[in-house]
Amino acid sequence: MINLTLYKKEWKSNWVMLIIFMGVLTMYAIMIISMFDPEMGDSLRTMAESMPEVFAAFGMADVGTTLLEFVTGYLYGILLTAFPAVYIIILANRLVAKYIDNGSMVYLLAVPEKRSKIVRTQMIFMVSSLLILEIFVLAVVLITSHFMFPGDLDIPGFLRANAGLFGLWVMFGGVCFLTSCVFNETKVTLGFSSAVVIYALLVQMISQVGDKFEKLKYATPMTLFNVDGLISNEQMAWITCGIMYGVGILCYIIAGQVFKRKNMPI
Amino acid sequence: MDDHVTAAYLQGGVSIVNTIVINHITKDYGHNRGVFDLSFNVEQGEVLGFLGPNGAGKTTTIRQLLGFIKPDSGKVKILGKDCFLHADKIQKSLGYLPGEITFMDSMNGMEFIRFSAKMKKMKDLGRAPELMEQFELNASGKIKKMSKGMKQKIGIVCAFMQDPDILILDEPTSGLDPLMQNRFVDLILSEKKRGKTILMSSHIFEEIERTCDRAAIIREGRLVAVDSMEKLCSGKKKKMEITFADASMARGFCDDFEDKETEIADRTVSVHVGMNIDRVIKKASVYTITDMSIHTQSLEDFFLHFYGGNKHD
């Protein structure tokens with residue numbers, strides 16, 4: 001199925017980066033949850049009222065009053081999409097394009113192993129490291145909420161929101177991995193995948209600012225990630241969530257085919 | 001002859017098997033870069049030198065043999081298998097030394113050798129310890145901080161450690177000091193005795209001369225010649241500069257040769273030496289010689305001289 005030697009090597013090379021992102025996300029998650037105040041109306045809300053456009057841009061305009069709405073509103077709007085996106089861009093580049101760019105791909109391909117197995121190993125590494133990040137974030141939020149506000153969090157709703165979040169990561173991951181397989185140069189790979197992700201996030205932010213730009217939400221894949229819809233278990237939200245997984249998986253499949261057939265300048 | 005089995009033919013009653021078959025391959029990168037309609041074979045158990053100036057297409061050819069790139073047209077086969085489609089199967093009996101050595105950052109030399117052995121599915125380090133001793137390699141340092149020569153030695157260890165039947169070596173001695181170059185030549189000669197099939201590229205004629213049975217010469221992506229070393233060497237000219245005790249001796253020496261063979265400047269005579277080497281030495285020995293030096297032709301000069309080709313044809 002995969003090349004275990006390579007899989008272990010990737011863990012050895014990339015665990016530090018994963019830990020750093022976990023650290024940053026933990027800090028934000030704990031900070032946001034600790035600001036929740038069920039009784040008095042929270043301090044963040046006061047801040048939001050003072051500068052509504054800015055908060056709207058980050059998807060924090062009408063954050064509800066329950067702990068779940070609060071957490072998803074403030075965390076899942078931008079923090080848990082933008083930060084992991086940076087991780088995904090860097091990791092996808094490291095897993096394929098970087099090896100080709102610096103020539104060390106030779107030592108992954110001049111071995112008695114099919115190219116398809118090598119690329120599959122890199123994909124599985126990417127997805128499994130994202131899964132670990134997802135489970136970790138999930139655990140941090142669950143544990144923090146449990147200790148600060150026992151019993152306040154709607155856990156099934158929270159899990160549904162996370163199914164969507166992971167779908168978004170799978171989609172970003174697929175696009176960036178495909179980019180990494182298509183281009184041979186690190187700078188092109190990083191440039192292209194950053195452009196795609198920044199476009200997606202930026203258009204979403206603009207579309208949230210006011211009614212004028214609302215239509216723009218149809219121009220960004222971020223709209224597929226409908227947190228509120230998933231929490232309230234709407235069918236449409238599940239369909240768009242499925243599309244995210246579908247796009248991600250399709251990108252991984254195409255990436256594998258590209259890698260198998262491409263000429264490697266190594 | 002593009003099949004391994006049918007590639008076997010008879011020569012002097014001995015059956016010859018072509019381990020590596022390059023059959024009319026073209027890989028065009030534009031601007032006259034790449035390889036064009038290139039064909040040659042490497043017979044089982046022979047050491048074939050692959051000679052050409054920088055940028056002639058040696059590495060492009062080797063990348064196709066390794067299955068990193070597909071030829072635009074033509075076929076490359078090793079052990080009868082298509083190099084691109086069955087790279088994984090071929091790799092079981094292939095050792096490769098890349099022309100440009102880049103390893104994984106962040107690993108130290110030993111970690112990399114271990115990683116490489118595991119990737120090749122070896123149970124242990126194979127011949128690595130023996131080779132490291134032979135090349136006086138201490139691989140414990142960080143690869144990033146290693147010199148070119150050290151990295152080259154690691155590359156050599158990785159190529160040979162699984163004791164493969166076929167070796168493809170891209171400029172194997174670059175970065176090695178003369179002592180290590182000699183050790184490398186010894187290694188090649190001993191592997192040849194053990195029946196290994198070796199394709200070795202170089203832009204240095206002498207290196208190939210010492211190790212190879214035959215050589216293929218390539219220039220601007222096109223094959224110039226494939227022949228035995230003996231035959232190729234006969235076309236190679238050297239310039240010998242002999243300084244005699246006085247000018248009359250120099251003139252006397254020159255009289256025995258045709259005008260175009262020699263140039264005279266006072267006591268010093270420059271002779272173009274090829275097949276006539278024995279005659280030159282014997283004639284010169286009649287006189288008193290005070291100094292002598294030999295200049296070997298560069299590969300580029302060699303092409304121009306031997307094939308009379310125009311560099312920009």
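Below, all heavy atoms of this structure are taken into account, side chains as well, without hydrogens, waters or symmetry copies.
Contact annotation: the side chain of B/Phe68 never approaches that of A/Lys262 to less than 4.5 Å [non-hydrogen atoms, C-beta and beyond]. Here the side chains of B/Gln91 and A/Lys114 are not in contact, with every heavy-atom distance at 4.5 Å or above.
In the displayed structure, A/Tyr7 atom OH is contacted under 6.0 Å by more than 12 heavy atoms of other residues, nucleotides or ligands. Around the NZ atom of A/Lys187, the shell of radius 6.0 Å holds no more than 12 heavy atoms that belong to other residues, nucleotides or ligands. Enclosure of atom CZ in A/Arg120 by more than 12 non-hydrogen atoms of other residues, nucleotides or ligands within 6.0 angstrom is indicated. Counting heavy atoms of neighbouring residues, nucleotides and ligands inside a 6.0 Å radius, atom NZ of A/Lys12 does not exceed 12 of them. Around CH2 of A/Trp15, the count of heavy atoms belonging to other residues, nucleotides or ligands within 6.0 Å does not exceed 12.
In this structure, chain B has heavy atoms under 4.5 Å from both the backbone and the side chain of A/Arg261. Residue A/Lys8: no heavy atom, backbone or side chain, is found under 4.5 Å from chain B. Looking at B/Lys92, both its backbone and its side chain come within 4.5 Å of chain A, counting heavy atoms on both sides. Of the two parts of A/Ile100, neither the backbone nor the side chain holds a non-hydrogen atom closer than 4.5 Å to a non-hydrogen atom of chain B. For chain B, no part of A/Leu4 is nearby; none of its heavy atoms comes within less than 4.5 Å. Looking at A/Lys98, the atoms closer than 4.5 Å to chain B (heavy atoms on both sides) all sit in the side chain, from C-beta outward.
A side-chain donor-acceptor contact under 3.5 Å links B/Arg63 to the backbone of A/Ile266. The closest donor-acceptor contact from the side chain of B/Asp88 to the backbone of A/Pro112 lies at 3.5 Å or more, if one exists at all.
The minimum heavy-atom distance between A/Gly103 and B/Thr102, with the atom names listed, is C-OG1, 3.3 Å.
Near-neighbour residues of residues 116-140 of chain B relative to chain A, defined by a heavy atom under 4.5 Å from a heavy atom of that chain, comprise B/Ser116, B/Lys118, B/Met119, B/Lys120, B/Lys121.
Ring-centre distance between A/Tyr107 and B/Phe112: below the 6.0 Å cut-off.
Note on B/Glu100, B/Lys70, B/Met107, B/Glu111: by heavy-atom pairs under 4.5 Å with chain A, the leading option is B/Lys70.
Taking CG of A/Leu109 as the start and OH of B/Tyr96 as the end, the distance is 10.5 Å to the nearest 0.5 Å. Here the CG atom belonging to B/Leu66 is positioned 12.0 Å from the CE atom belonging to A/Met264, to the nearest 0.5 angstrom.
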